[in-house]
J.: 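If you scroll down you'll find the structure; I have some questions about it.
Both backbone and side-chain heavy atoms feed into the values below; hydrogens, waters and symmetry mates do not. Throughout, protein chains are lettered first and strands after them, A, B, ... in sequence-line order, and every chain is numbered starting at 1. Computed from a prediction, not measured in an experiment: that's the story for all the values here.
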Amino acid sequence: MNGGADLGGMMGFGPVVSEPDEPNFHAEWEARVMGMVVALGAAGQWNLDQSRFARESLPPADYLSNSYYEIWLKAATKLMVERGMLTEAELSEGRVITDPIAVKRTLSPTDVPAALAKGGPVDRPAQMQPAFSPGDSVRTINIHPESHTRLPRYARDKVGVIDRVHGHHVFPDTNARGEGEQPTWLYKVSFTAQALWGDRAAPGDTVTLDLWEPYLRPTP
Amino acid sequence: MHDHADHSHMSDIEARVRALETVLTEKGYIDPAAVDAIIQTYETEIGPRNGAHVVAKAWSDPTFRDWLAEDATAAIHSLGYASRQGEHMQAVFNAPGQHHLVVCTLCSCYPWSVLGLPPVWYKSPPFRSRAVIDPRGVLADFGLTLPQGTAITVHDSTAEMRYLVIPERPAGTDGWSEDQLATLVNRDSMIGTALADKPV
């Protein structure tokens, strides 16, 4: 979606400010939110792309002004309320009011090392050959879905070159809509900076994006 | 833990997170000890020292470097760094005249398995918006000016491939061991907003 998360090429946010010796967390609640959100993955109530969509579909003003763990908190809350796992009243009162729903699994402390080591690979076996090969010229499609996509605005309807075939991966656009993984070929596509940004960009500079086959068309 | 003013400023969100953890625990969706274990893993085990080891090995072992270029996932996993947000890896190699910079404009994709949790700046709008359109301006914010004629490739992490920059090996390190070399590999040099440290 054309939401607050699609930031590539926006202006006016000021300089990048890095904090020397930055801690992982700036408050205890940030650590709890990170740990809870990761642990909740075991419940199996949403997939990676639904989780991303829950974050990027926050109102843009909220997305841009909230800290990252606030965004995680709001998105996870939204997903759980949508699925009937908890209610707003339970959150504001801090106590259980409704019965829990059945979830896939509760992550135990002894399962943590294995769960983190396993992660969530998204490569899937392929039946078809990739449509494109390194060196092929492609044009990205021009789409503006209100649902999830990983084709950023700045790279739509642009001509680039296939740099590498990464593999056959889950397609986020359908997976986020609950329409299944529909795995497809993923490519590294290289664009000249000038193709994306015009003459202001330095000749010789490039930007690469990892894009799925449905985003790409052969150029005539 | 903080003074009163700070506490009341944060009290809303702190209270909400506490309430959330209580409810999730009582409903059996999470075990707080598992949450502790996850936090502890990223506080103590998984961080940029992992990536520094990968880089130092790439600098000292040409066979490993080739493997990293060909199949970074397998090469990095062979060192024991296989975990969440490192399932599918790509290594990109800085060289004279070629610099690489990694960003995720759409969210905050970052190679947790080799760099740990991302810093705030990596997740924030100034970096995510500008890295793709004005990479030299971003590098200047970090005090980094590249030699004239250096081309920059920016990698926008739009899928589940996670990028690790292999910075150039600093001069004056001939004969250094992998462990010695790893001490020169700072986190930002593996994102592309810095170079590796020079030997003192």
J.: Does any backbone or side-chain atom of B:R187 lie under 4.5 Å from a heavy atom of chain A? Answer side chain, backbone, both or neither.
T.: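 Answer is neither: B:R187 stays 4.5 Å or more from chain A.
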J.: Side chain, backbone, both or neither: which part of A:A39 has a non-hydrogen atom closer than 4.5 Å to chain B?
T.: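 Both backbone and side chain.
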J.: What part of A:V17 gets within 4.5 angstrom of chain B, counting heavy atoms only: side chain, backbone, both, or neither?
T.: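 Interface part for A:V17: backbone (N, CA, C, O).
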J.: Would you compute the distance between atom SG of B:C107 and atom CG of A:L7 and round it to the nearest 0.5 angstrom?
T.: 10.0 Å
J.: Which value, rounded to the nearest 0.5 Å, describes the distance between A:L116 atom CG and B:Q85 atom CD?
T.: 11.0 Å
J.: So does A:L209 get a backbone contact from the side chain of B:D156, meaning a donor-acceptor N/O pair under 3.5 Å?
T.: no
J.: Need one label for A:E22: side chain, backbone, both or neither, based on atoms under 4.5 Å from any heavy atom in chain B.
T.: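 For A:E22, side-chain heavy atoms alone lie under 4.5 Å from chain B.
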J.: Evaluate the ring planes of B:H88 and A:H169, with Trp represented by its six-membered ring, and classify them as parallel (under 30°), tilted (30 to 60°) or perpendicular (over 60°).
T.: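 Rings of B:H88 and A:H169: tilted, 30 to 60°.
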J.: Determine yes or no for a side-chain-to-main-chain donor-acceptor pair under 3.5 angstrom, with A:R32 supplying the side chain and B:V35 the backbone.
T.: no
J.: So which part of B:I39 gets closer than 4.5 Å to some heavy atom of chain A, the side chain, the backbone, both or neither?
T.: both
J.: Can you tell me if NZ on A:K118 sees more than 12 non-hydrogen neighbours from other groups inside 6.0 Å?
T.: no
J.: Answer with side chain, backbone, both or neither: which region of A:L48 has an atom nearer than 4.5 Å to a non-hydrogen atom of chain B?
T.: side chain
J.: Answer with yes or no whether the side chains of B:K123 and A:S67 bring together a donor and an acceptor at under 3.5 Å.
T.: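 Their side chains do not contain a donor-acceptor pair, so the 3.5 Å distance test is not met.
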J.: Closer than 3.5 angstrom, by distance alone: can the side chain of B:Y29 be matched with the main-chain N or O of A:M85 as a donor-acceptor pair?
T.: yes
J.: Relative to chain A, which segment of B:S157 carries a heavy atom at a distance below 4.5 Å: side chain, backbone, both, or neither?
T.: backbone
J.: Do the side chain of A:W197 and the main chain of B:D134 share a donor and acceptor less than 3.5 angstrom apart?
T.: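 No, because the side chain of A:W197 does not come within donor-acceptor range (under 3.5 Å) of the backbone of B:D134.
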